[in-house]
Amino acid sequence: MKFFRSLALAAVLGLSIVSFGQQSNAERDFQKRVIDATKIYNDGKLDDAIKAFEKLRDENAHSVDVEAWLGFLYLRANRGAEAVPLLEQAVRQNPKNLEVQNNLANAYVAKGDLDKALDRFQAMLVMDPKMAEPHYNIGNIYLTKKDWAKAISEYDKALAVKNDDPFVWNNLGVAYQGSKAYDKASNAFKKAADLRPDNKTFAKNAGMMLVRSRKMDEAIPYLEKATEGGITDTTLALTLGECYSRAGRSADALKFYEKAKGSLPNSAPFWFNLGVLRAQNNDDKGAVEAYRRALTINPNDLDTMNNLGLLLYKQGEFAESATLFDKLVGLNASSGSAKLNFAASAARSGDLKRAIAAWKEVIRAEPGRTSVRLDLANALWETGDYEGAKFHYSQVLIADKNNAEALNGMGLYHLRQSHLPQAEAAFRSSITADEKYIPAYNNLALTLERMNRRPQAIAILEKAQKIDGEDADVKKNLQRMKAAG
(Lines give C-alpha, C1' and ligand atoms only; values in the text may rest on other atoms or scores of the structure.)
Protein backbone atom coordinates (compact mmCIF):
# COMPACT_ATOMS: atom_id res chain seq x y z
CA MET A 1 0.00 0.00 0.00
CA LYS A 2 1.59 3.23 -1.14
CA PHE A 3 1.20 6.45 0.75
CA PHE A 4 1.99 9.86 -0.63
CA ARG A 5 3.91 12.55 1.12
CA SER A 6 3.21 16.23 0.50
CA LEU A 7 4.04 17.31 -3.02
CA ALA A 8 7.19 19.20 -2.10
CA LEU A 9 9.85 18.25 0.40
CA ALA A 10 10.00 21.83 1.63
CA ALA A 11 7.90 24.92 1.63
CA VAL A 12 9.72 27.34 -0.70
CA LEU A 13 9.83 30.75 0.90
CA GLY A 14 9.50 33.99 -0.99
CA LEU A 15 12.29 36.57 -1.22
CA SER A 16 12.54 40.15 -0.20
CA ILE A 17 14.49 42.78 -2.11
CA VAL A 18 17.76 43.96 -0.55
CA SER A 19 17.71 47.72 -0.10
CA PHE A 20 20.80 49.93 -0.08
CA GLY A 21 21.08 53.38 1.40
CA GLN A 22 23.20 55.30 -1.15
CA GLN A 23 22.50 54.41 -4.78
CA SER A 24 23.37 55.99 -8.10
CA ASN A 25 20.71 56.66 -10.70
CA ALA A 26 21.81 53.55 -12.61
CA GLU A 27 21.59 51.48 -9.46
CA ARG A 28 18.14 52.83 -8.65
CA ASP A 29 16.98 52.06 -12.18
CA PHE A 30 18.38 48.55 -11.97
CA GLN A 31 16.68 48.03 -8.61
CA LYS A 32 13.37 49.24 -10.03
CA ARG A 33 13.66 46.69 -12.86
CA VAL A 34 14.28 43.97 -10.27
CA ILE A 35 11.07 45.00 -8.50
CA ASP A 36 9.22 45.01 -11.83
CA ALA A 37 10.50 41.49 -12.55
CA THR A 38 9.22 40.28 -9.16
CA LYS A 39 5.79 41.67 -10.03
CA ILE A 40 5.81 39.54 -13.18
CA TYR A 41 6.31 36.47 -10.99
CA ASN A 42 3.64 37.59 -8.53
CA ASP A 43 1.23 37.86 -11.46
CA GLY A 44 1.74 34.13 -12.04
CA LYS A 45 3.97 34.42 -15.11
CA LEU A 46 6.87 32.18 -14.07
CA ASP A 47 8.50 31.79 -17.50
CA ASP A 48 8.34 35.53 -18.22
CA ALA A 49 9.80 36.29 -14.80
CA ILE A 50 12.70 33.91 -15.46
CA LYS A 51 13.46 35.64 -18.77
CA ALA A 52 13.37 39.04 -17.06
CA PHE A 53 15.78 38.00 -14.32
CA GLU A 54 18.07 36.22 -16.79
CA LYS A 55 18.36 39.52 -18.68
CA LEU A 56 19.13 41.34 -15.45
CA ARG A 57 21.79 38.76 -14.58
CA ASP A 58 23.43 39.30 -17.96
CA GLU A 59 23.70 42.99 -17.09
CA ASN A 60 24.88 42.47 -13.51
CA ALA A 61 26.22 39.03 -12.70
CA HIS A 62 26.99 39.97 -9.07
CA SER A 63 23.63 41.29 -7.91
CA VAL A 64 22.59 39.43 -4.75
CA ASP A 65 18.92 40.12 -5.45
CA VAL A 66 19.11 38.79 -9.01
CA GLU A 67 21.02 35.66 -8.01
CA ALA A 68 18.65 34.93 -5.16
CA TRP A 69 15.53 35.53 -7.23
CA LEU A 70 16.70 33.67 -10.31
CA GLY A 71 17.76 30.72 -8.16
CA PHE A 72 14.34 30.76 -6.52
CA LEU A 73 12.58 30.89 -9.90
CA TYR A 74 14.68 28.04 -11.30
CA LEU A 75 13.67 26.04 -8.25
CA ARG A 76 10.01 26.80 -8.88
CA ALA A 77 10.48 25.66 -12.48
CA ASN A 78 11.96 22.31 -11.35
CA ARG A 79 15.44 23.33 -12.50
CA GLY A 80 17.16 22.59 -9.23
CA ALA A 81 20.61 21.88 -10.66
CA GLU A 82 20.67 25.35 -12.27
CA ALA A 83 19.41 26.96 -9.08
CA VAL A 84 22.20 25.60 -6.85
CA PRO A 85 25.19 27.75 -7.97
CA LEU A 86 23.11 30.93 -7.97
CA LEU A 87 21.74 30.30 -4.49
CA GLU A 88 25.15 29.25 -3.19
CA GLN A 89 26.54 32.61 -4.33
CA ALA A 90 23.59 34.43 -2.80
CA VAL A 91 24.17 32.67 0.53
CA ARG A 92 27.85 33.57 0.51
CA GLN A 93 26.96 37.23 0.05
CA ASN A 94 24.05 37.24 2.49
CA PRO A 95 24.50 34.24 4.88
CA LYS A 96 21.88 35.40 7.41
CA ASN A 97 18.98 35.46 4.97
CA LEU A 98 16.81 32.49 6.02
CA GLU A 99 14.74 32.62 2.84
CA VAL A 100 17.80 32.18 0.63
CA GLN A 101 19.17 29.47 2.94
CA ASN A 102 15.88 27.59 2.72
CA ASN A 103 15.75 27.83 -1.07
CA LEU A 104 19.33 26.59 -1.37
CA ALA A 105 18.47 23.62 0.83
CA ASN A 106 15.50 22.89 -1.42
CA ALA A 107 17.69 23.17 -4.50
CA TYR A 108 20.03 20.57 -3.00
CA VAL A 109 17.03 18.31 -2.44
CA ALA A 110 15.89 18.79 -6.03
CA LYS A 111 19.38 17.96 -7.25
CA GLY A 112 19.57 14.87 -5.03
CA ASP A 113 22.30 16.20 -2.70
CA LEU A 114 20.43 15.22 0.45
CA ASP A 115 23.38 15.46 2.81
CA LYS A 116 24.10 19.03 1.72
CA ALA A 117 20.42 19.85 2.12
CA LEU A 118 20.49 18.35 5.59
CA ASP A 119 23.45 20.52 6.59
CA ARG A 120 21.72 23.62 5.27
CA PHE A 121 18.44 22.96 7.12
CA GLN A 122 20.35 22.29 10.32
CA ALA A 123 22.23 25.59 9.83
CA MET A 124 18.87 27.33 9.65
CA LEU A 125 17.96 25.90 13.05
CA VAL A 126 21.15 27.33 14.50
CA MET A 127 20.07 30.72 13.18
CA ASP A 128 16.48 30.35 14.46
CA PRO A 129 15.82 27.36 16.78
CA LYS A 130 12.08 28.16 16.94
CA MET A 131 11.37 27.45 13.28
CA ALA A 132 9.18 24.43 12.50
CA GLU A 133 9.94 24.22 8.76
CA PRO A 134 13.56 23.04 9.00
CA HIS A 135 12.55 20.19 11.32
CA TYR A 136 9.83 19.21 8.84
CA ASN A 137 12.23 19.29 5.91
CA ILE A 138 14.93 17.40 7.81
CA GLY A 139 12.30 14.80 8.64
CA ASN A 140 11.47 14.50 4.96
CA ILE A 141 15.11 13.88 4.12
CA TYR A 142 15.33 11.13 6.72
CA LEU A 143 12.05 9.78 5.35
CA THR A 144 13.65 9.54 1.89
CA LYS A 145 16.61 7.75 3.49
CA LYS A 146 14.14 5.42 5.30
CA ASP A 147 15.65 6.37 8.64
CA TRP A 148 12.27 6.17 10.33
CA ALA A 149 13.39 6.92 13.91
CA LYS A 150 15.18 10.15 12.97
CA ALA A 151 12.29 11.21 10.73
CA ILE A 152 9.82 10.69 13.58
CA SER A 153 12.05 12.70 15.95
CA GLU A 154 12.20 15.65 13.55
CA TYR A 155 8.47 15.63 12.86
CA ASP A 156 7.80 15.60 16.60
CA LYS A 157 10.05 18.67 16.96
CA ALA A 158 8.19 20.42 14.14
CA LEU A 159 4.85 19.63 15.77
CA ALA A 160 6.10 20.94 19.11
CA VAL A 161 6.39 24.33 17.39
CA LYS A 162 3.43 24.06 15.03
CA ASN A 163 0.93 21.38 16.04
CA ASP A 164 -1.70 22.09 13.40
CA ASP A 165 0.30 21.45 10.21
CA PRO A 166 -1.44 18.60 8.34
CA PHE A 167 1.57 17.91 6.11
CA VAL A 168 3.76 17.24 9.12
CA TRP A 169 1.15 14.90 10.59
CA ASN A 170 0.78 13.08 7.28
CA ASN A 171 4.50 12.51 6.88
CA LEU A 172 4.77 11.48 10.52
CA GLY A 173 2.21 8.82 9.61
CA VAL A 174 4.43 7.69 6.73
CA ALA A 175 7.38 7.39 9.11
CA TYR A 176 5.37 5.40 11.65
CA GLN A 177 4.15 3.16 8.85
CA GLY A 178 7.73 2.54 7.75
CA SER A 179 8.66 1.56 11.30
CA LYS A 180 5.61 -0.76 11.42
CA ALA A 181 3.96 1.21 14.22
CA TYR A 182 0.61 0.96 12.49
CA ASP A 183 -1.64 2.24 15.27
CA LYS A 184 0.51 5.36 15.66
CA ALA A 185 0.51 5.76 11.87
CA SER A 186 -3.29 5.58 11.86
CA ASN A 187 -3.55 8.31 14.50
CA ALA A 188 -1.13 10.58 12.63
CA PHE A 189 -2.92 10.13 9.30
CA LYS A 190 -6.28 10.76 11.00
CA LYS A 191 -4.94 14.00 12.46
CA ALA A 192 -3.78 15.14 9.01
CA ALA A 193 -7.12 14.23 7.43
CA ASP A 194 -9.10 15.95 10.18
CA LEU A 195 -7.03 19.13 9.82
CA ARG A 196 -7.50 19.14 6.05
CA PRO A 197 -10.85 17.45 5.31
CA ASP A 198 -10.62 18.64 1.68
CA ASN A 199 -7.41 16.66 1.04
CA LYS A 200 -8.31 13.26 -0.43
CA THR A 201 -4.76 11.95 -0.15
CA PHE A 202 -4.79 12.48 3.59
CA ALA A 203 -8.21 10.84 3.83
CA LYS A 204 -7.01 7.88 1.80
CA ASN A 205 -3.91 7.45 3.95
CA ALA A 206 -5.99 7.51 7.12
CA GLY A 207 -8.56 5.07 5.77
CA MET A 208 -6.06 2.59 4.36
CA MET A 209 -3.96 2.57 7.52
CA LEU A 210 -7.04 2.06 9.70
CA VAL A 211 -7.86 -0.95 7.52
CA ARG A 212 -4.29 -2.15 8.07
CA SER A 213 -4.96 -1.83 11.80
CA ARG A 214 -8.21 -3.83 11.38
CA LYS A 215 -10.40 -0.87 12.30
CA MET A 216 -12.86 -1.24 9.43
CA ASP A 217 -15.74 0.76 10.87
CA GLU A 218 -13.45 3.65 11.73
CA ALA A 219 -11.87 3.54 8.26
CA ILE A 220 -15.13 3.88 6.32
CA PRO A 221 -15.72 7.66 6.76
CA TYR A 222 -12.18 8.45 5.63
CA LEU A 223 -12.41 6.13 2.62
CA GLU A 224 -15.77 7.66 1.73
CA LYS A 225 -14.18 11.11 1.84
CA ALA A 226 -11.32 9.89 -0.35
CA THR A 227 -13.76 8.63 -3.00
CA GLU A 228 -16.00 11.69 -3.15
CA GLY A 229 -16.36 13.23 -6.57
CA GLY A 230 -15.12 10.26 -8.60
CA ILE A 231 -12.98 7.16 -8.31
CA THR A 232 -9.83 6.38 -10.25
CA ASP A 233 -8.02 4.26 -7.66
CA THR A 234 -8.97 0.60 -7.92
CA THR A 235 -7.35 -0.35 -4.61
CA LEU A 236 -9.26 2.38 -2.82
CA ALA A 237 -12.57 1.28 -4.32
CA LEU A 238 -11.97 -2.38 -3.49
CA THR A 239 -10.95 -1.53 0.05
CA LEU A 240 -14.04 0.58 0.75
CA GLY A 241 -16.24 -2.16 -0.67
CA GLU A 242 -14.53 -4.73 1.55
CA CYS A 243 -14.98 -2.49 4.61
CA TYR A 244 -18.71 -2.19 3.92
CA SER A 245 -19.00 -5.97 3.53
CA ARG A 246 -17.06 -6.76 6.70
CA ALA A 247 -19.16 -4.28 8.61
CA GLY A 248 -22.27 -6.15 7.48
CA ARG A 249 -23.28 -3.33 5.13
CA SER A 250 -23.56 -5.35 1.92
CA ALA A 251 -26.32 -3.10 0.61
CA ASP A 252 -24.01 -0.08 0.97
CA ALA A 253 -21.20 -2.02 -0.68
CA LEU A 254 -23.39 -2.89 -3.65
CA LYS A 255 -24.70 0.68 -3.95
CA PHE A 256 -21.14 2.02 -3.90
CA TYR A 257 -19.95 -0.49 -6.52
CA GLU A 258 -22.88 0.19 -8.82
CA LYS A 259 -22.14 3.90 -8.59
CA ALA A 260 -18.41 3.36 -9.20
CA LYS A 261 -18.64 0.94 -12.13
CA GLY A 262 -18.44 3.70 -14.74
CA SER A 263 -15.17 4.93 -13.24
CA LEU A 264 -13.39 1.57 -13.29
CA PRO A 265 -14.33 -0.07 -16.60
CA ASN A 266 -11.05 -1.97 -16.93
CA SER A 267 -10.54 -3.31 -13.41
CA ALA A 268 -11.08 -7.06 -13.31
CA PRO A 269 -11.01 -7.24 -9.47
CA PHE A 270 -13.67 -4.54 -9.30
CA TRP A 271 -16.03 -6.39 -11.66
CA PHE A 272 -15.37 -9.65 -9.83
CA ASN A 273 -16.36 -8.07 -6.51
CA LEU A 274 -19.43 -6.53 -8.13
CA GLY A 275 -20.38 -10.02 -9.29
CA VAL A 276 -20.00 -11.37 -5.77
CA LEU A 277 -22.15 -8.59 -4.31
CA ARG A 278 -24.86 -8.99 -6.93
CA ALA A 279 -24.97 -12.74 -6.32
CA GLN A 280 -25.24 -12.16 -2.57
CA ASN A 281 -28.25 -9.94 -3.28
CA ASN A 282 -29.89 -12.65 -5.44
CA ASP A 283 -29.20 -10.84 -8.70
CA ASP A 284 -27.81 -13.86 -10.54
CA LYS A 285 -28.31 -12.30 -13.96
CA GLY A 286 -26.39 -9.19 -12.93
CA ALA A 287 -23.69 -11.31 -11.31
CA VAL A 288 -23.21 -13.28 -14.53
CA GLU A 289 -22.89 -10.01 -16.44
CA ALA A 290 -20.25 -8.73 -14.00
CA TYR A 291 -18.25 -11.96 -14.06
CA ARG A 292 -18.31 -11.98 -17.87
CA ARG A 293 -16.99 -8.41 -17.84
CA ALA A 294 -14.21 -9.42 -15.46
CA LEU A 295 -13.22 -12.30 -17.75
CA THR A 296 -13.00 -10.04 -20.79
CA ILE A 297 -10.35 -8.08 -18.86
CA ASN A 298 -8.58 -11.05 -17.26
CA PRO A 299 -9.60 -14.21 -19.16
CA ASN A 300 -7.63 -16.59 -16.94
CA ASP A 301 -8.74 -15.54 -13.48
CA LEU A 302 -9.52 -18.74 -11.61
CA ASP A 303 -11.99 -17.33 -9.08
CA THR A 304 -14.00 -15.54 -11.75
CA MET A 305 -14.24 -18.65 -13.92
CA ASN A 306 -15.28 -20.72 -10.91
CA ASN A 307 -18.00 -18.31 -9.76
CA LEU A 308 -19.36 -17.79 -13.25
CA GLY A 309 -19.36 -21.55 -13.86
CA LEU A 310 -21.33 -22.18 -10.68
CA LEU A 311 -23.91 -19.55 -11.57
CA LEU A 312 -24.31 -20.90 -15.11
CA TYR A 313 -24.74 -24.41 -13.68
CA LYS A 314 -27.39 -23.05 -11.31
CA GLN A 315 -29.19 -21.48 -14.29
CA GLY A 316 -29.09 -24.73 -16.26
CA GLU A 317 -26.43 -23.58 -18.75
CA PHE A 318 -24.55 -26.86 -18.34
CA ALA A 319 -22.62 -26.86 -21.61
CA GLU A 320 -21.14 -23.42 -20.97
CA SER A 321 -20.39 -24.18 -17.33
CA ALA A 322 -18.64 -27.37 -18.45
CA THR A 323 -16.52 -25.35 -20.88
CA LEU A 324 -15.51 -22.95 -18.12
CA PHE A 325 -14.68 -25.67 -15.62
CA ASP A 326 -12.75 -27.57 -18.28
CA LYS A 327 -10.58 -24.48 -18.83
CA LEU A 328 -10.26 -24.06 -15.08
CA VAL A 329 -8.97 -27.61 -14.75
CA GLY A 330 -6.44 -26.90 -17.48
CA LEU A 331 -5.18 -23.84 -15.62
CA ASN A 332 -5.25 -25.47 -12.19
CA ALA A 333 -4.81 -29.20 -12.67
CA SER A 334 -4.45 -29.87 -8.94
CA SER A 335 -7.91 -28.52 -8.12
CA GLY A 336 -10.22 -31.38 -7.19
CA SER A 337 -13.20 -29.03 -6.87
CA ALA A 338 -12.70 -27.79 -10.45
CA LYS A 339 -12.68 -31.39 -11.70
CA LEU A 340 -15.83 -32.20 -9.75
CA ASN A 341 -17.60 -29.10 -11.04
CA PHE A 342 -16.57 -30.00 -14.56
CA ALA A 343 -17.78 -33.55 -14.11
CA ALA A 344 -21.15 -32.41 -12.77
CA SER A 345 -21.60 -29.93 -15.62
CA ALA A 346 -20.47 -32.41 -18.27
CA ALA A 347 -22.81 -35.08 -16.92
CA ARG A 348 -25.78 -32.70 -16.95
CA SER A 349 -24.94 -31.62 -20.48
CA GLY A 350 -24.94 -35.28 -21.60
CA ASP A 351 -21.17 -35.81 -21.85
CA LEU A 352 -20.97 -38.76 -19.45
CA LYS A 353 -17.73 -40.05 -20.94
CA ARG A 354 -15.73 -36.98 -19.93
CA ALA A 355 -17.57 -36.72 -16.63
CA ILE A 356 -16.56 -40.29 -15.79
CA ALA A 357 -12.94 -39.56 -16.66
CA ALA A 358 -12.93 -36.55 -14.32
CA TRP A 359 -14.56 -38.46 -11.47
CA LYS A 360 -12.00 -41.24 -11.85
CA GLU A 361 -9.16 -38.74 -11.56
CA VAL A 362 -10.57 -37.43 -8.30
CA ILE A 363 -11.08 -40.92 -6.91
CA ARG A 364 -7.51 -41.89 -7.72
CA ALA A 365 -6.30 -38.87 -5.75
CA GLU A 366 -8.86 -39.20 -2.95
CA PRO A 367 -10.18 -42.77 -2.65
CA GLY A 368 -12.30 -41.93 0.38
CA ARG A 369 -14.66 -39.56 -1.45
CA THR A 370 -17.81 -41.73 -1.23
CA SER A 371 -20.10 -39.09 -2.75
CA VAL A 372 -17.83 -38.91 -5.78
CA ARG A 373 -17.80 -42.72 -6.04
CA LEU A 374 -21.59 -42.68 -6.05
CA ASP A 375 -21.66 -40.15 -8.89
CA LEU A 376 -19.12 -42.25 -10.77
CA ALA A 377 -21.01 -45.48 -10.16
CA ASN A 378 -24.31 -43.96 -11.31
CA ALA A 379 -22.67 -42.59 -14.46
CA LEU A 380 -21.05 -45.95 -15.21
CA TRP A 381 -24.46 -47.58 -14.83
CA GLU A 382 -25.98 -45.09 -17.25
CA THR A 383 -23.31 -45.86 -19.85
CA GLY A 384 -23.82 -49.63 -19.50
CA ASP A 385 -20.65 -50.40 -17.55
CA TYR A 386 -22.51 -52.48 -14.98
CA GLU A 387 -19.48 -54.25 -13.60
CA GLY A 388 -17.68 -50.94 -13.10
CA ALA A 389 -20.74 -49.54 -11.38
CA LYS A 390 -20.99 -52.59 -9.11
CA PHE A 391 -17.34 -52.22 -8.11
CA HIS A 392 -17.76 -48.62 -7.01
CA TYR A 393 -21.08 -49.28 -5.25
CA SER A 394 -19.33 -52.03 -3.28
CA GLN A 395 -16.43 -49.70 -2.42
CA VAL A 396 -18.90 -47.17 -1.04
CA LEU A 397 -20.50 -49.88 1.10
CA ILE A 398 -17.12 -50.89 2.52
CA ALA A 399 -16.77 -47.35 3.85
CA ASP A 400 -20.47 -46.86 4.65
CA LYS A 401 -22.45 -50.08 4.94
CA ASN A 402 -25.76 -48.25 5.39
CA ASN A 403 -25.52 -46.01 2.35
CA ALA A 404 -29.02 -46.16 0.88
CA GLU A 405 -28.03 -45.08 -2.63
CA ALA A 406 -25.19 -47.62 -2.90
CA LEU A 407 -27.44 -50.39 -1.54
CA ASN A 408 -30.02 -49.45 -4.18
CA GLY A 409 -27.28 -49.62 -6.84
CA MET A 410 -26.29 -53.11 -5.74
CA GLY A 411 -29.96 -54.09 -5.87
CA LEU A 412 -30.18 -52.85 -9.45
CA TYR A 413 -27.13 -54.93 -10.37
CA HIS A 414 -28.65 -58.08 -8.88
CA LEU A 415 -32.01 -57.35 -10.51
CA ARG A 416 -30.32 -57.03 -13.88
CA GLN A 417 -28.58 -60.37 -13.27
CA SER A 418 -31.97 -61.87 -12.27
CA HIS A 419 -30.62 -62.56 -8.78
CA LEU A 420 -34.01 -61.68 -7.37
CA PRO A 421 -33.55 -62.70 -3.71
CA GLN A 422 -30.29 -60.74 -3.53
CA ALA A 423 -31.97 -57.80 -5.24
CA GLU A 424 -34.87 -57.89 -2.77
CA ALA A 425 -32.48 -57.99 0.17
CA ALA A 426 -30.46 -55.04 -1.16
CA PHE A 427 -33.53 -52.89 -1.79
CA ARG A 428 -34.96 -53.66 1.64
CA SER A 429 -31.60 -52.77 3.21
CA SER A 430 -31.67 -49.48 1.32
CA ILE A 431 -35.15 -48.68 2.71
CA THR A 432 -34.01 -49.62 6.21
CA ALA A 433 -31.03 -47.29 5.84
CA ASP A 434 -33.27 -44.43 4.64
CA GLU A 435 -37.00 -44.95 4.85
CA LYS A 436 -37.58 -41.88 2.62
CA TYR A 437 -35.38 -43.08 -0.27
CA ILE A 438 -38.15 -43.54 -2.87
CA PRO A 439 -36.09 -45.21 -5.69
CA ALA A 440 -35.53 -48.25 -3.44
CA TYR A 441 -39.31 -48.63 -2.86
CA ASN A 442 -39.98 -48.51 -6.58
CA ASN A 443 -37.21 -50.99 -7.41
CA LEU A 444 -38.29 -53.34 -4.61
CA ALA A 445 -41.84 -53.31 -6.02
CA LEU A 446 -40.55 -54.21 -9.49
CA THR A 447 -38.50 -57.06 -7.99
CA LEU A 448 -41.47 -58.40 -6.05
CA GLU A 449 -43.61 -58.21 -9.19
CA ARG A 450 -41.06 -60.32 -11.04
CA MET A 451 -41.22 -62.81 -8.17
CA ASN A 452 -45.01 -63.03 -8.67
CA ARG A 453 -45.71 -61.16 -5.43
CA ARG A 454 -47.79 -58.36 -6.89
CA PRO A 455 -49.93 -57.66 -3.81
CA GLN A 456 -46.78 -57.08 -1.78
CA ALA A 457 -45.40 -54.94 -4.60
CA ILE A 458 -48.57 -52.82 -4.58
CA ALA A 459 -48.34 -52.42 -0.80
CA ILE A 460 -44.74 -51.21 -1.12
CA LEU A 461 -45.75 -48.65 -3.76
CA GLU A 462 -48.68 -47.42 -1.67
CA LYS A 463 -46.31 -46.90 1.25
CA ALA A 464 -43.96 -44.98 -1.04
CA GLN A 465 -46.82 -42.83 -2.26
CA LYS A 466 -47.64 -41.80 1.31
CA ILE A 467 -44.04 -40.60 1.65
CA ASP A 468 -43.92 -38.81 -1.70
CA GLY A 469 -47.22 -38.55 -3.52
CA GLU A 470 -45.67 -36.76 -6.50
CA ASP A 471 -43.10 -39.35 -7.61
CA ALA A 472 -43.89 -40.13 -11.25
CA ASP A 473 -42.41 -43.65 -11.32
CA VAL A 474 -44.32 -44.71 -8.24
CA LYS A 475 -47.58 -43.34 -9.68
CA LYS A 476 -47.06 -45.05 -13.03
CA ASN A 477 -46.13 -48.48 -11.60
CA LEU A 478 -48.87 -48.43 -8.98
CA GLN A 479 -51.48 -47.61 -11.59
CA ARG A 480 -50.16 -50.33 -13.92
CA MET A 481 -50.04 -53.04 -11.23
CA LYS A 482 -53.53 -52.27 -9.95
CA ALA A 483 -54.87 -52.33 -13.49
CA ALA A 484 -53.26 -55.75 -14.03
CA GLY A 485 -55.16 -57.09 -11.05
Side-chain angles (χ1 to χ4, degrees), residues 5-21 31 34-35 38 41-42 53 62-78 80 83-145 147-176 188 191-192 195-196:
R5 300 194 297 274
S6 53
L7 294 179
L9 283 174
V12 180
L13 303 178
L15 293 166
S16 58
I17 301 299
V18 178
S19 177
F20 299 94
Q31 197 68 24
V34 170
I35 293 173
T38 64
Y41 167 74
N42 291 328
F53 274 105
H62 302 292
S63 169
V64 177
D65 289 342
V66 171
E67 287 179 329
W69 264 101
L70 188 55
F72 166 71
L73 295 175
Y74 280 156
L75 187 59
R76 295 290 293 182
N78 298 315
V84 166
L86 291 167
L87 293 169
E88 285 178 336
Q89 180 63 24
V91 165
R92 281 193 290 270
Q93 295 187 60
N94 194 4
K96 293 184 179 181
N97 189 312
L98 286 172
E99 294 168 336
V100 179
Q101 290 274 9
N102 184 73
N103 290 338
L104 175 56
N106 276 285
Y108 284 139
V109 171
K111 189 179 176 183
D113 290 338
L114 298 184
D115 290 335
K116 287 185 178 180
L118 191 61
D119 290 342
R120 191 59 52 188
F121 285 128
Q122 288 170 339
M124 290 176 65
L125 286 172
V126 173
M127 298 166 63
D128 186 352
K130 295 182 179 180
M131 291 184 70
E133 288 80 7
H135 286 299
Y136 168 66
N137 292 325
I138 292 169
N140 288 339
I141 290 173
Y142 284 130
L143 200 64
T144 301
K145 292 173 174 284
D147 190 335
W148 314 121
K150 289 183 179 179
I152 290 168
S153 176
E154 292 298 328
Y155 292 137
D156 283 341
K157 292 174 183 176
L159 290 170
V161 179
K162 190 176 181 181
N163 192 52
D164 61 350
D165 189 317
F167 290 93
V168 180
W169 281 108
N170 181 74
N171 288 10
L172 177 60
V174 176
Y176 276 132
K191 185 72 173 179
L195 285 167
R196 280 287 301 273

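Worth saying up front: this structure is predicted, and the values here are computed from it rather than measured. Computed over heavy atoms, backbone and side chain alike; hydrogens, waters and symmetry mates excluded.
When ring centroids are compared, Y41 and F72 come within the 6.0 Å threshold.
Looking only at side-chain heavy atoms (C-beta outward), V109 and F121 come within less than 4.5 Å of each other. Between K191 and L172, the closest side-chain pair of non-hydrogen atoms is not below 4.5 Å. Y142 places a side-chain heavy atom less than 4.5 Å from the side chain of L118. Counting only heavy atoms from C-beta outward, the side chains of M131 and Y136 never approach each other to under 4.5 Å. I138 is listed as a side-chain neighbour of L125, based on a closest heavy-atom distance under 4.5 Å. Taking 4.5 Å as the limit, every side-chain heavy atom of V84 sits out of range of all side-chain heavy atoms of K116. Side-chain contact check for L98 versus M127: some heavy-atom pair is nearer than 4.5 Å.
The distance from the CG atom of N106 to the CG atom of N140 is 10.0 Å, given to the nearest 0.5 Å. To the nearest 0.5 angstrom, D65 atom CG is 12.0 Å from L70 atom CG. For the atom pair CG of L75 and CG of L86, the computed distance is 11.5 Å after rounding to the nearest 0.5 Å. A distance of 9.5 Å separates CH2 in W69 from CG in N103, rounded to the nearest 0.5 Å. If you take CG on N137 and CG on L143, they are separated by 12.0 Å, rounding to the nearest 0.5 Å. Note that NZ of K150 is 13.0 Å distant from CD1 of I152, once rounded to the nearest 0.5 Å.
Taking each heavy atom of A175 and A151 in turn, the nearest pair found is CB-CB, 4.1 Å. In plain terms, the two heavy atoms of P166 and A192 that are nearest each other are O-CB, 3.3 Å. In terms of heavy-atom proximity, L195 sits nearest to N163 at CD1-O, 4.4 Å. Closest heavy-atom contact between A105 and A117: O-CB, 3.5 Å. Closest non-hydrogen pair, A90 versus V100, comes out as CB-CG1, 3.7 Å. Across all their heavy atoms, E154 and H135 have their closest contact at OE1-ND1, 2.8 Å.
Looking at W169, its side chain never comes within 3.5 Å of a backbone N or O of Y155 through a donor-acceptor pair. With Q101 contributing its side chain and P95 its backbone, the two residues share a donor-acceptor pair below 3.5 Å. Put simply, the side chain of Y108 never gets that close to the backbone of G80: no donor and acceptor are under 3.5 Å apart.
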Evaluate the side chain to side chain contact (heavy atoms under 4.5 Å, CB included) criterion for residues E133 and M124: first the C-alpha distance (whole Å), next the side-chain angles of each, then the deciding distance (0.1 Å), finally the verdict. CA-CA 9 Å; E133 288 80 7; M124 290 176 65; over 6 Å; no

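Salt-bridge annotation for K145 and D115: present, with a side-chain N of the basic residue lying under 4.0 Å from a carboxylate O of the acidic one.
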